[in-house]
Novice: 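Next up is a structure, given as structure tokens.
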Amino acid sequence: MLPDHLPRIEHPPVRLRAFEPRDAGLVVSVAGDPLIPLITTVPSSGSPADVQAYLERQHDRLPAGQGYSFAIADAATDEAVGQIGLWTSEIAAGRATTGYWIGGAHRRRGHAGAALAALTDWAFSLPEVERLQLHVEPWNEASWRAAERCGYQREGLLRSWQRVGAERRDMYVYSMVRQWDP
Ligand SMILES: CC(C)(COP(=O)(O)OP(=O)(O)OC[C@H]1O[C@@H](n2cnc3c(N)ncnc32)[C@H](O)[C@@H]1OP(=O)(O)O)[C@@H](O)C(=O)NCCC(=O)NCCS
């Protein structure tokens with residue numbers, strides 16, 4: 001059985017924890033990002049009501065059976081710097097998916113790589129997870145470098161995989177699998 005609560009995962013320099021009302025400023029800060037509102041439910045309005053609804057939705061993911069949505073926090077200050085999820089809708093087949101974002105002011109400091117390493121270690125501590133996958137556009141070098149740094153392997157290019165805004169986009173699929181990878 002998958003855990004019925006969101007754990008707190010200490011993995012310096014980051015901590016993965018539940019979102020809290022004090023994290024609203026981070027969500028506001030990414031409302032105008034060119035990509036994040038297109039691939040997540042972060043509201044492009046940035047309005048207080050929409051941001052509060054976003055924070056509440058993150059707590060609904062687990063009881064709804066969708067998975068685990070973590071705030072990525074700086075381990076030293078506990079300030080939220082981003083979000084990472086473990087999505088489990090295909091867990092009956094042994095598959096889980098991850099995705100993540102980091103606020104613009106906090107990028108290029110290793111937060112995505114550290115958060116993905118923390119999430120990956122925890123996910124493979126769950127016997128149900130046999131394969132962990134993520135999808136990333138070819139231009140998004142920061143994201144696929146973070147994945148490769150953690151040991152994910154690029155398996156191929158999925159053509160026209162997903163609508164992002166007005167266009168369908170190709171995506172690399174990356175994975176880590178329990179039997180073969182470190
Ligand atoms: C992609 C994203 C999560 C990266 O977050 P980050 O905290 O800046 O990433 P890190 O600092 O951990 O860097 C990861 C790797 O990418 C490299 N990198 C960081 N920014 C880069 C950039 N703009 N161009 C190329 N490489 C970059 C880093 O040097 C590091 O490589 P290394 O491990 O080989 O040294 C962040 O840019 C983001 O949130 N973008 C918008 C949302 C998004 O793209 N989400 C992922 C969807 S698949």
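Both ligands and their constituent atoms are indexed starting at 1 by order of listing. Atoms considered below: every heavy atom in the structure, side chains included; atoms not considered: hydrogens, waters and symmetry mates.
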Novice: For ligand 1, which atoms, with element, lie under 4.0 Å from some heavy atom of G113?
Specialist: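 Answer for ligand 1: 12 (O).
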Novice: For W161 and H135, work out which heavy atoms get closest and say how close.
Specialist: NE1-CD2, 3.5 Å
Novice: Tell me whether ligand 1 is touched by H135 - counting only heavy atoms on the residue side and a distance under 4.0 Å.
Specialist: yes
Novice: When you group the ILVMFWY residues by side-chain heavy-atom contacts below 4.5 Å and let the links chain together, are L6 and V81 in the same group?
Specialist: yes
Novice: Going through the distances and angles, do T98 and T120 end up as a side chain to side chain contact (heavy atoms under 4.5 Å, CB included)?
Specialist: CA-CA 9 Å; T98 185; T120 303; 5.9 Å; no
Novice: Using protein heavy atoms only, decide if any is under 4.0 Å from atom 13 (O) of ligand 1.
Specialist: no
Novice: How close does the nearest protein non-hydrogen atom get to atom 36 (C) of ligand 1, and which residue and atom is it?
Specialist: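 Closest protein heavy atom to atom 36 (C) of ligand 1: R107 NE, 3.6 Å.
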Novice: Is a side-chain donor or acceptor of Y100 paired with a backbone partner of G113 at a separation under 3.5 angstrom?
Specialist: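 No; zero donor-acceptor contacts below 3.5 Å.
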Novice: If we only count heavy atoms from C-beta on, is the C150 to Y174 side-chain gap below 4.5 Å?
Specialist: no
Novice: Does H106 reach ligand 1 with a nitrogen or oxygen that is under 3.5 Å from one of the ligand's nitrogen or oxygen atoms?
Specialist: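 There is no such contact.
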Novice: Main chain of V177, side chain of E130: is a donor-acceptor contact present, judged purely on distance under 3.5 Å?
Specialist: no
Novice: Backbone or side chain, does any N or O of W101 fall under 3.5 Å from an N or O of ligand 1?
Specialist: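 So ligand 1 has no N or O lying under 3.5 Å from an N or O of W101.
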Novice: Under 4.5 Å between side-chain heavy atoms, counting indirect links through other Ile/Leu/Val/Met/Phe/Trp/Tyr residues: same cluster for V129 and L116 or not?
Specialist: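 V129 clusters together with L116.
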Novice: Tell me, which protein residue and heavy-atom name are nearest atom 23 (N) of ligand 1, and how many Å apart are they?
Specialist: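 Atom 23 (N) of ligand 1 sits closest to the protein heavy atom R108 NH1, 3.6 Å.
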Novice: Note the single closest protein heavy atom to atom 44 (O) of ligand 1, along with its residue, its atom name and the distance in Å.
Specialist: N140 ND2, 2.6 Å
Novice: For atom 28 (C) of ligand 1, state whether the nearest protein heavy atom is under 4.0 Å away.
Specialist: no
Novice: Do the side chain of R57 and the main chain of T41 share a donor and acceptor less than 3.5 angstrom apart?
Specialist: yes
Novice: Does any N/O atom on I102 come nearer than 3.5 Å to any N/O atom on ligand 1?
Specialist: yes
Novice: Provide, to 0.1 Å, the distance between atom 35 (O) of ligand 1 and the closest protein heavy atom, together with that atom's residue and name.
Specialist: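 Sorting protein heavy atoms by distance from atom 35 (O) of ligand 1 puts R149 NH2, 3.2 Å first.
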Novice: Could you list which atoms of ligand 1 come closer than 4.0 Å to a heavy atom of A112?
Specialist: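 In order of number, 3 (C), 4 (C), 5 (O), 6 (P), 7 (O), 9 (O), 12 (O).
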Novice: Relative to the heavy atoms of L35, which atoms of ligand 1 are at a distance of less than 4.0 Å?
Specialist: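 Counting atoms of ligand 1 from 1, those under 4.0 Å from L35 are 43 (C), 44 (O).
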Novice: Examine E141 against ligand 1 and note whether any of their N/O atoms are separated by less than 3.5 Å.
Specialist: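 By distance alone, the answer is no.
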Novice: Evaluate the ring planes of Y68 and F70, with Trp represented by its six-membered ring, and classify them as parallel (under 30°), tilted (30 to 60°) or perpendicular (over 60°).
Specialist: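 Ring orientation of Y68 relative to F70: parallel.
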Novice: May I ask you to check if ligand 1 and I39 share an N or O to N or O distance below 3.5 Å?
Specialist: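 No, there is no polar N/O contact under 3.5 Å.
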Novice: Looking only at protein heavy atoms, which one is nearest to atom 45 (N) of ligand 1, and how far off is it?
Specialist: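 Protein heavy atom at minimum distance: Y100 O, 2.9 Å.
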Novice: Just let me know how I36 lines up against ligand 1, side chain, backbone, both or neither, with a heavy-atom cut-off below 4.0 Å.
Specialist: side chain
Novice: Taking atom CH2 of W144 as the centre, does the number of heavy atoms from other residues, nucleotides or ligands within less than 6.0 Å exceed 12?
Specialist: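 Buried by this count: over 12 neighbours within 6.0 Å.
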Novice: Is S143 close to ligand 1, meaning an N/O of one under 3.5 Å from an N/O of the other?
Specialist: no
Novice: Identify, by atom number and element, the atoms of ligand 1 in contact range of V136, meaning under 4.0 Å from any of its heavy atoms.
Specialist: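 Near V136, the atoms of ligand 1 are 48 (S).
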Novice: Quick one: do R22 and D78 make a salt bridge, cutoff under 4.0 Å?
Specialist: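 Salt bridge: yes.
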Novice: At what distance is the nearest protein heavy atom to atom 19 (C) of ligand 1, and which residue and atom is it?
Specialist: A142 CB, 3.6 Å
Novice: With a cutoff of 4.0 Å, is G110 in contact with ligand 1, counting heavy atoms of the residue only?
Specialist: yes
Novice: Under 4.5 Å between side-chain heavy atoms, counting indirect links through other Ile/Leu/Val/Met/Phe/Trp/Tyr residues: same cluster for F124 and I91 or not?
Specialist: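 They do share one cluster, since a chain of ILVMFWY contacts under 4.5 Å joins F124 to I91.
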Novice: Between the main-chain N or O of I102 and the side-chain N or O of R107, is there a donor-acceptor pair closer than 3.5 Å?
Specialist: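 Yes, R107 side chain to I102 backbone: donor-acceptor pair under 3.5 Å.
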Novice: Within the structure, does R145 bring an N/O atom to less than 3.5 angstrom of an N/O atom in ligand 1?
Specialist: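 Looking only at distances, the answer is yes, because the N/O contact criterion of under 3.5 Å is met.
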Novice: For ligand 1, which atoms, with element, lie under 4.0 Å from some heavy atom of R109?
Specialist: 11 (O)
Novice: Treating R163 as the side-chain partner and A166 as the backbone partner, does any N or O pair qualify as donor plus acceptor under 3.5 Å?
Specialist: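 Flag set: sc R163 to bb A166 pair under 3.5 Å.
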